[in-house]
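As a basis for the values below, the full set of heavy atoms in this structure was taken, side chains included, without hydrogen atoms, waters or symmetry mates. Bear in mind the structure is a predicted one, so any value in this text is a computation, not a measurement.
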Amino acid sequence: MDLLELRQQIDVIDSQIVDLYEKRMDVSRQVAEYKISTGKKVFDKQREAEKLAKVKSLTHNEFNSHGVEELFEQIMSMSRKLQYRLLAENGSLGKLPFIGVDELETEQARVVFQGAEGAYSQAAMMQYFGDKVHSFHVDSFRDAMSAIDEGSADFAVLPIENSTAGIVNEIYDLLQEYENYIVGEQIIKIEHCLLGVPGTKLSDIRTVYSHPQSLMQSAKYLSNHDWQQISMQNNAFAAKKVAEDNDRTQAAIAGEYAAKVYGLEVLDKGINDSGVNSTRFIIVTNQKIFRKDAKKVSICFEVPHESGSLYHMLSHFIYNNLNMTKIESRPIEDRAWEYRFFIDFEGNLADSAVKNALRGLRDEARNMKILGNY
């Protein structure tokens with residue numbers, strides 16, 4: 001046979017495959033109608049495992065066995081997604097445990113941030129809540145999460161990602177650990193300044209204090225000076241120390257706002273290496289609420305330690321035409337080489353496509369949690 005004849009045969013077979021696929025999906029529709037009437041779950045892992053073993057046994061070589069397994073995994077995945085959609089159309093998916101609100105109640109809100117007065121977190125808080133916000137600060141991120149968890153604060157402002165340094169790992173872990181939820185975000189430009197006691201000259205400086213990331217982000221500038229670099233828990237703490245010590249041989253790398261808070265002089269401005277350095281802060285509360293105009297959903301989940309498991313989870317976004325904007329992974333404590341995935345995608349919890357995707361993920365992933373809609 002020549003190539004044209006072979007391609008014609010493939011076209012005929014493909015047409016048959018399409019016809020059989022549509023027949024199978026029609027039966028899946030009937031299965032969904034049965035499950036709607038009986039309340040039976042869509043995902044039956046044991047049934048699917050038995051089905052895969054059976055179709056693999058019908059093949060005649062190992063290559064075809066693997067191919068048929070992958071093919072039927074996809075077919076069954078599409079069948080489940082059709083069933084989820086039909087369940088949603090019939091109002092059988094159930095309601096998500098989140099309440100949509102027109103606005104966040106921020107007028108008399110108590111807001112907590114990590115660090116000292118003058119921290120970038122405080123600047124982000126003031127940009128989001130305004131200058132007259134009722135606020136207090138704590139030493140650690142965990143303290144901030146505990147404050148809203150126990151009710152001593154209504155909201156917390158926490159840094160989750162820097163455009164040059166990457167994610168703040170601890171925040172991701174705390175979001176999974178606590179029953180607190182993201183309801184907003186604030187992005188601020190990071191412009192590191194060299195701060196010193198008024199009257200300080202660059203030639204006076206012997207030691208520079210700052211957070212390790214800020215020292216790293218200002219590495220090019222610092223390489224031009226023979227200064228000892230000492231890491232601090234927070235930039236604002238560094239500014240506070242320099243102000244309290246009142247020593248012209250000391251300087252701090254922090255924001256311009258910290259200079260105003262502690263009465264320091266800006267000796268040099270914009271010393272960070274990148275001119276596009278920004279940090280994204282999240283606004284967190286202990287209530288399961290979301291603004292009705294929210295456009296981003298954050299979730300986390302675990303997957304079975306099996307080949308293709310993450311791929312199948314992500315297929316729910318593709319099928320429901322949802323744009324995934326971020327994916328991160330964090331190791332799961334006490335389970336070597338297993339990971340928890342954190343995903344951001346565009347959408348609103350009131351959207352049917354979002355509900356469909358979350359229902360599928362909830363059934364098929366392990367420990368899926370909605371972290372917020374904002």
Side-chain angles (χ1 to χ4, degrees), residues 98 112-115 120-121 124 138-149 156-187 211-214 216-217 231 233-234 278-286 288 290 296-318 322-347 349 354 357-358 360-374:
F98 283 78
V112 61
F113 64 93
Q114 183 270 341
Y120 283 118
S121 293
V138 292
D139 289 342
S140 70
F141 296 138
R142 180 174 291 277
D143 290 340
M145 290 293 269
S146 296
I148 52 173
D149 186 57
V157 179
L158 301 167
I160 193 167
E161 179 184 13
N162 179 267
S163 58
T164 59
I167 67 170
V168 183
N169 291 329
E170 186 181 353
I171 300 299
Y172 279 87
D173 295 339
L174 291 171
L175 283 171
Q176 189 279 327
E177 179 181 343
Y178 282 82
E179 289 299 319
N180 296 328
Y181 306 93
I182 308 170
V183 290
E185 68 178 356
Q186 180 67 52
I187 298 174
H211 186 275
Q213 282 190 357
S214 299
M216 177 191 69
Q217 292 165 356
S231 298
Q233 183 181 0
N234 183 282
S278 298
T279 295
R280 181 165 70 99
F281 292 82
I282 52 173
I283 316 302
V284 182
T285 186
N286 64 0
K288 287 188 174 182
F290 67 98
K296 182 192 291 185
V297 181
S298 292
I299 65 172
C300 69
F301 58 79
E302 301 165 24
V303 296
H305 199 44
E306 301 167 0
S307 175
S309 58
L310 178 60
Y311 170 81
H312 290 301
M313 298 303 110
L314 299 183
S315 69
H316 289 283
F317 300 105
I318 300 170
L322 296 172
N323 183 32
M324 189 174 70
T325 58
K326 189 174 187 62
I327 181 169
E328 299 285 350
S329 64
R330 294 286 300 140
I332 300 174
E333 188 177 357
D334 298 326
R335 280 158 53 187
W337 314 119
E338 293 193 42
Y339 297 86
R340 181 177 295 110
F341 293 91
F342 293 81
I343 288 177
D344 292 346
F345 63 94
E346 295 175 355
L349 292 179
V354 172
L358 293 176
L361 287 164
R362 186 174 65 189
D363 282 358
E364 298 172 30
R366 291 197 308 215
N367 303 322
M368 195 276 283
K369 179 183 178 182
I370 300 171
L371 300 175
N373 188 196
Y374 49 102

A.B. asks: Decide yes or no for Ile167 and Ile160: does some side-chain heavy atom of the first lie under 4.5 Å from some side-chain heavy atom of the second?
C.D. replies: no

A.B. asks: Mind listing the closest non-hydrogen atom pair of Ala156 and Ile148 along with its distance?
C.D. replies: N-CG2, 3.8 Å

A.B. asks: Kindly indicate, with the supporting measurements, whether the criterion side chain to side chain contact (heavy atoms under 4.5 Å, CB included) is fulfilled by Ile171 and Leu175.
C.D. replies: CA-CA 6 Å; Ile171 300 299; Leu175 283 171; 4.2 Å; yes

A.B. asks: Do the side-chain N and O atoms of Ser140 and Asp143 include a donor-acceptor pair separated by under 3.5 angstrom?
C.D. replies: yes

A.B. asks: To check you understand the geometry: which heavy-atom pair defines the closest contact between Leu174 and Met145, and what is its length?
C.D. replies: O-CE, 3.5 Å

A.B. asks: Could you check whether Thr325 and Asp344, counting side-chain N and O atoms only, form a donor-acceptor pair closer than 3.5 Å?
C.D. replies: no

A.B. asks: Would you tell me whether Asn367 and Gln176 have side-chain atoms, one donor and one acceptor, within less than 3.5 Å of each other?
C.D. replies: no

A.B. asks: Please check: side-chain N/O of Ser121 versus main-chain N/O of Phe113, any donor-acceptor pairing under 3.5 Å?
C.D. replies: no

A.B. asks: At their closest point, which heavy atom of Leu371 faces which heavy atom of Cys300, and how far apart are they?
C.D. replies: CD2-SG, 4.0 Å

A.B. asks: Do the side chains of Glu161 and Lys326 get close enough for a salt bridge, i.e. N-O under 4.0 angstrom?
C.D. replies: yes

A.B. asks: With distance as the sole test, does Asn373 use its side chain to make a donor-acceptor pair with the main-chain N or O of Val183 at under 3.5 Å?
C.D. replies: no

A.B. asks: Do the side chain of Asn162 and the main chain of Ser278 share a donor and acceptor less than 3.5 angstrom apart?
C.D. replies: yes

A.B. asks: With a cut-off of under 6.0 Å to the ring centre and 45° to the axis, is Lys369 in cation-pi contact with Tyr181?
C.D. replies: yes

A.B. asks: Quick check: does any side chain N or O of Glu338 sit under 3.5 Å from a backbone N or O of His305, one acting as donor and the other as acceptor?
C.D. replies: no

A.B. asks: Could you tell me if the side chain of Trp337 sits less than 4.5 Å from the side chain of Pro331, heavy atoms only?
C.D. replies: no

A.B. asks: Judged by atom type as modelled, is there a donor-acceptor pair below 3.5 Å linking the side chain of Gln114 to the main-chain atoms of Asp139?
C.D. replies: yes

